[in-house]
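We name chains A, B, ... by the order of the sequence lines, and we start the count at 1 in each one. Keep in mind the model is a prediction, meaning the values are calculated, not measured.
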2 protein chains.
Amino acid sequence: MPPTVRDRVRAEVTAEITAVARRQLAEVGAAGLSLRAVAREVGMASSAVYRYFASRDELLTRLITDGYDALGAAAEAADDPGAAPRERWLGVCRAVRSWARAHPHEYALLYGSPVPGYAAPRDTVPAAARVGVVLGRILGDAARSGALPEAAGGDRDPELVSVETAAVLGGEHPAIDDAVRVRALLAWSSLYGTVSFELFGHLAGSVADTDRYFDIAMGELTDLLGL
Amino acid sequence: MPPTVRDRVRAEVTAEITAVARRQLAEVGAAGLSLRAVAREVGMASSAVYRYFASRDELLTRLITDGYDALGAAAEAADDPGAAPRERWLGVCRAVRSWARAHPHEYALLYGSPVPGYAAPRDTVPAAARVGVVLGRILGDAARSGALPEAAGGDRDPELVSVETAAVLGGEHPAIDDAVRVRALLAWSSLYGTVSFELFGHLAGSVADTDRYFDIAMGELTDLLGL
DNA sequence: GTCGGTCAAGAGCAGCGCTCTCGTTTGCGT
DNA sequence: ACGCAAACGAGAGCGCTGCTCTTGACCGAC
């Protein structure tokens with residue numbers, strides 16, 4: 001069935017609403033995002049917006065998934081599969097930071113405090129996982145190319161690292177055990193901790209040259225990973 | 001001038017308002033905190049609350065400073081100066097995580113997305129720094145007790161680590177150079193990244209045994225620090 | 001005892017999310 | 001080609017919010 005004119009118009013209006021909402025998000029933040037204000041700027045009655053989004057939360061959810069997708073796309077675009085594992089990892093980290101600095105309010109929406117009384121629906125999960133998938137693939141490629149030292153091995157513990165996550169983090173390989181996987185999760189958390197601290201101002205009085213600080217910090221983490 | 005009856009009553013009412021607000025914060029989060037609802041629960045008119053707090057933001061600021069102080073006190077209480085540096089560091093990390101898990105909404109208020117259009121006043125800074133001071137003292141004690149290996153040295157770079165922060169992070173010692181200080185800042189950021197990921201649900205599908213994961217992750221960071 | 005300062009209360013304003021109704025437009029099935 | 005159901009935009013309205021202003025009562029120092 002070809003898309004009717006109605007469908008196309010609906011898609012256009014939906015896109016305009018999300019675009020205006022994203023713009024206002026950058027001005028007033030997630031908590032201050034007002035459906036009425038969005039409607040005003042779009043030029044329609046506030047009630048009409050409810051034809052497109054059942055609630056303010058649903059509009060926010062759309063912004064969240066869009067954000068995860070944009071960040072994931074940036075991470076994927078930054079990964080050059082031909083480069084050395086360490087450079088690939090650092091490149092993705094830099095891409096994440098760049099995207100976060102370019103879209104601070106969207107980043108805060110994704111990785112800041114969860115909006116109270118609002119649980120991200122399941123359909124945000126795949127989009128949210130994209131960065132992790134990229135980093136996991138780099139780790140796996142490094143193992144398969146012999147760039148990682150043999151791991152100690154030891155029993156798998158699904159309580160520590162779930163089977164799904166283990167599969168994402170390079171899969172099964174002699175160079176990857178749960179200790180390596182935990183270090184990868186730690187590096188991932190630390191990446192976001194570092195970016196969040198910079199963006200949210202917790203390093204304000206401590207670090208001036210944030211570019212160099214970030215590079216050194218990420219270098220320490222890749223050392224930790226053995227990359 | 002001794003405090004009059006008026007002053008004492010005022011202090012009591014102020015304390016009751018913040019107590020109720022803190023309770024409601026745990027229920028509805030920062031964005032949903034309503035001055036009117038607080039007033040209702042306290043049993044006074046909403047307008048009367050403005051005699052004690054000039055605005056909702058001012059009440060929020062009070063909750064923030066109180067939160068920083070409570071977290072800082074928890075960190076200080078958890079530090080046993082007689083223990084080995086590594087155990088001291090890990091103990092403080094565990095205390096931070098415990099406090100965060102016990103007060104998730106307050107933690108989110110402190111280290112989650114900043115409220116847009118709201119800049120934390122300067123008087124929150126000393127309270128916010130308390131955890132960092134505790135960790136910095138442990139690092140300094142470790143250096144002075146010879147538990148840290150001699151550092152490479154190299155020039156100080158105030159752009160990388162400010163002089164104030166360098167002073168907090170153990171001060172001047174042959175075992176502490178900017179590389180060590182950056183690793184300390186990284187460990188600090190990573191602590192909060194790890195706690196935030198756990199609290200905000202980003203590790204939900206990956207790690208089930210969060211206690212063990214946290215201990216292993218913090219162990220990696222202390223290794224990185226040389227503690 | 002009086003008088004200045006502090007307090008709680010209430011009304012009111014503008015904005016919010018959301019719902020309901022109403023008249024119009026669109027597109028599919030007959 | 002036509003009719004009907006679904007989709008649509010606009011407007012009014014409900015109950016909530018933060019915040020302001022006015023009013024009247026009370027306390028405490030002189």
Side-chain angles (χ1 to χ4, degrees), chain A residues 1-21 23-25 27-64 109 114-119 121, chain B residues 1-18 20-25 27-64 105 109 115-119 121:
Chain A
M1 180 153 42
T4 68
V5 175
R6 217 188 180 86
D7 291 337
R8 278 190 30 220
V9 169
R10 182 176 179 85
E12 279 175 21
V13 174
T14 305
E16 188 177 355
I17 291 175
T18 55
V20 169
R23 218 194 48 73
Q24 293 208 356
L25 178 71
E27 277 186 5
V28 297
L33 185 70
S34 152
L35 210 145
R36 285 174 115 110
V38 171
R40 251 195 314 274
E41 186 171 327
V42 174
M44 57 202 274
S46 65
S47 55
V49 178
Y50 284 86
R51 302 279 183 195
Y52 298 87
F53 296 95
S55 69
R56 179 181 168 279
D57 276 3
E58 197 174 296
L59 176 57
L60 260 178
T61 299
R62 177 60 174 270
L63 294 182
I64 290 176
L109 185 61
V115 179
Y118 164 83
Chain B
M1 178 152 43
T4 69
V5 176
R6 226 189 176 80
D7 291 338
R8 276 188 33 219
V9 170
R10 182 177 180 85
E12 280 175 20
V13 175
T14 304
E16 187 177 357
I17 291 175
T18 54
V20 169
R22 192 156 26 243
R23 218 193 50 71
Q24 293 208 356
L25 177 72
E27 278 185 4
V28 297
L33 186 70
S34 153
L35 211 146
R36 287 172 114 107
V38 171
R40 254 196 311 274
E41 185 171 329
V42 173
M44 58 203 271
S46 64
S47 55
V49 178
Y50 284 86
R51 301 280 182 192
Y52 298 86
F53 296 95
S55 68
R56 179 180 169 280
D57 275 5
E58 196 174 297
L59 176 57
L60 221 48
T61 299
R62 176 60 174 270
L63 294 182
I64 290 177
H105 287 90
L109 187 61
V115 180
Y118 164 82

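For A:Met44 and C:dC18, the CE to C1' distance is 15 Å, given to the nearest whole Å. Note: CZ (A:Phe53) to C1' (C:dT19) measures 19 Å, nearest angstrom. For the pair A:Arg8 CZ and C:dT25 P, the computed distance is 20 Å after rounding to whole Å. One can place CG of A:Leu33 at 11 Å from P of C:dC18, the figure rounded to the nearest angstrom. What separates CD1 of A:Ile17 from P of C:dG17 is a distance of 13 Å, to the nearest Å. As a whole-Å value, the separation of B:Arg10 CZ from C:dT6 C1' is 9 Å. In this entry the distance linking CZ of B:Arg36 with P of D:dG15 reads 14 Å, nearest Å.
Within the nucleic acid shown, B:Tyr52 comes within 4.0 Å of sugar-phosphate atoms alone, with no base atom in reach, counting heavy atoms only. Across all strands, A:Leu59 comes closer than 4.0 Å to no nucleic acid atom at all (heavy-atom distances).
Between A:Tyr50 and D:dC8 there is no side-chain polar atom (N or O) within less than 4.0 angstrom of OP1 or OP2. Between A:Arg56 and C:dC18, a side-chain N or O to OP1/OP2 separation shorter than 4.0 Å is absent. Applying the 4.0 Å criterion to OP1 and OP2 of C:dC16, one finds that A:Arg40 has a side-chain N or O inside that range. In this model, the phosphate group of D:dG18 is approached by a side-chain N or O of B:Ser34 to a distance below 4.0 Å at OP1 or OP2. Here A:Arg51 does not reach the OP1 or OP2 of D:dG9: none of its side-chain N or O atoms lies under 4.0 Å away.
Between A:Ala21 and A:Leu63, the shortest heavy-atom distance links the atoms CB-CD1, 4.0 Å. When all heavy atoms of A:Glu41 and A:Gln24 are compared, the closest pair comes out as OE1-NE2, 3.0 Å. Of all heavy-atom pairs between A:Leu35 and A:Ser55, the closest is CD1-C, 4.1 Å.
Ion pairing of B:Arg62 with B:Glu58 is absent here, as no side-chain N (NZ or NE/NH1/NH2) approaches a carboxylate O to less than 4.0 Å.
Under 3.5 Å, the side chain of A:Ser47 and the base of D:dG9 form no donor-acceptor pair of N or O atoms.
Residue-to-nucleotide proximity on DNA chain D shows that, of B:Leu35 and A:Ser46, the 5′-proximal contact is made by A:Ser46.
Side chain of B:Arg56 to main chain of B:Leu33: a donor-acceptor pair is present (N/O by atom type, distance under 3.5 Å, no hydrogens or angles).
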